Undergrad: 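Pasting a structure below so you can have a look.
So that the names make sense, note that chain A is the first sequence line, chain B the second, and so on, each numbered from 1. Quick caveat, the model's predicted, so the values are computed rather than measured.
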Number of protein chains: 2
Amino acid sequence: MGVGLQTEEITGRARVLDAAAELFVRQGYVGTTLRQIAAATGIKAGSIYHHFESKEALFVAVLNDGIVVMIDAFDEAQSSLAGTDDVAVHVREHVRSHLSAIFENGPYTTAHVTSFFSAPAEVRAAVVPKRDSYEQKWNQLFEVLFPAANTKELRLRRLILFGAMNATAEWFDPAGNLTVDQLATAISDQFLQGVTQYES
Amino acid sequence: MGVGLQTEEITGRARVLDAAAELFVRQGYVGTTLRQIAAATGIKAGSIYHHFESKEALFVAVLNDGIVVMIDAFDEAQSSLAGTDDVAVHVREHVRSHLSAIFENGPYTTAHVTSFFSAPAEVRAAVVPKRDSYEQKWNQLFEVLFPAANTKELRLRRLILFGAMNATAEWFDPAGNLTVDQLATAISDQFLQGVTQYES
DNA sequence: GTCTATAACATGATAGAC
DNA sequence: GTCTATCATGTTATAGAC
């Protein structure tokens, strides 16, 4: 639900969540302490346990919110594309929506893509259902857009695209020369046409 | 130098390094303790300080060895391609060599690609020179292969490709259905031609 | 080169007052 | 809902014996 990011009533729980998400992005799960999260929230470490039963539960909440943001962005993009048939437009718009979730929707999605794999097994297990449902949306999209390819091939292509997109969280600076939109176009073009356009 | 991986004389230092690399891959830097590394080596935690002056220095050594493996693999691939002009062959062979370094050359390279960005700033700074020299090799390769593109474009394409390649460390299972060679072909094809081949 | 022992400190978590 | 105080444990790192 991206708690605390959209409404005025920012509860104490949401403020803890916001602070935690930001710190997890910068320092990872193990590298972030409850004392740091508490300090960033403006409370003391012990008080966090009024909102979450453990550090792991807090992490699960952050990662889950991260996918929810991505899922919402995906659905919105899909709605806005209802009247279009152009494969390239569909791909570009969904790539843009995924990157936008990472760079323009707070730290939740960024925390998800950067620290899902390094999360403790129990945390990953708790997050996997929603994460799977997001991946299924992409798989289904690809099956519609590329009916000539088989499921296995498309899954591989999706993993390659996800790798390229999620890695941007590690090197792309939205305040730099390139905008998120331009980055989305570059990745989408690359995914659709490759680099053959540059061959001499 | 990939210490301890190639010769018979496996020094105590190299055995610590090997154990550390493997644990860093599985648990990350902060998630791995000196006691675990010592136990995996067959010594006690305090003894590690005979070989390395700190945990950070040990991490730096692992990450640096990881790039050295990649650099060696790159140079070898380049030598073996001396007689070929085919752009696709060059790209495929270098992609294969990069993936081979991750999946078939011990845990050093894997540790590098999975935990470079989450490493402490001082560690990253110590590793950056060699890392840069590897990236420059790719940039130079691309400028030769795609003379029609400008430097900025090629840097962006390289980052997209690196994202796709390095992310495989997180999901690809070399013991599964797909071989490393097949994975390399898929990524290389995707990079060169995109998915347009599947468009209806 | 490895050991034991320990210093010095940080961590997640709990209990009970306000 | 937040506080203080504290527990139990784990952490890197050091010192000196063997």
Undergrad: Could you tell me how far apart Lys55(A) (NZ) and dA10(C) (C1') are, to the nearest whole angstrom?
TA: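 Rounded to the whole Å, the gap is 12 Å.
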Undergrad: Which nucleotide, dC3(C), dA13(C), dT2(D), lies nearest any side-chain atom of Ile43(A)?
TA: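 The listed nucleotide nearest to Ile43(A)'s side chain is dT2(D).
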Undergrad: Can you say whether the rings of Phe142(B) and Phe191(B) are parallel (under 30°), tilted (30 to 60°) or perpendicular (over 60°)?
TA: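 Phe142(B) and Phe191(B): parallel rings.
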Undergrad: Rounded to the Å, how far apart are Leu23(A) CG and dG12(C) P?
TA: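 Those two atoms, CG and P, are 12 Å apart.
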Undergrad: Nearest-nucleotide wise, let me know which of Ser47(B) and Lys44(A) is further upstream toward the 5' end of DNA chain D.
TA: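 Of the two residues, Lys44(A) wins.
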Undergrad: Check every atom of dT2(C), dT12(D), dT14(C) against the side chain of Thr33(B) and return the nucleotide holding the closest atom.
TA: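 Nearest to the side-chain atoms of Thr33(B), counting from C-beta on, is dT12(D).
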Undergrad: Does Arg158(A) count as lying over the ring of Phe162(A), i.e. NZ or CZ under 6.0 Å from the six-ring centre, within 45 degrees of the axis?
TA: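 Positive - Arg158(A) is close enough to the ring of Phe162(A) and near enough to its axis.
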Undergrad: What integer distance in Å separates Gln27(A):CD from dT11(C):P?
TA: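 About 10 Å, once rounded to whole Å.
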Undergrad: Would you indicate, yes or no, if dC3(C) has its OP1 or OP2 atom less than 4.0 angstrom from a side-chain nitrogen or oxygen of His50(B)?
TA: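 No, His50(B) has no side-chain N/O under 4.0 Å of OP1/OP2 on dC3(C).
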Undergrad: Closest approach to the side chain of His51(A), judged atom by atom: which nucleotide of dT12(D), dT2(C), dG1(D) is it?
TA: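 My answer, after comparing the listed nucleotides, is dG1(D).
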Undergrad: Out of dT6(D), dT12(D), dT2(D), which nucleotide sits closest to the side chain of Arg35(A)?
TA: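 Of the candidates, dT6(D) comes closest.
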Undergrad: What is the distance, to the nearest angstrom, from the OH atom on Tyr49(A) to the C1' atom on dA17(C)?
TA: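 It works out to 20 Å between those atoms.
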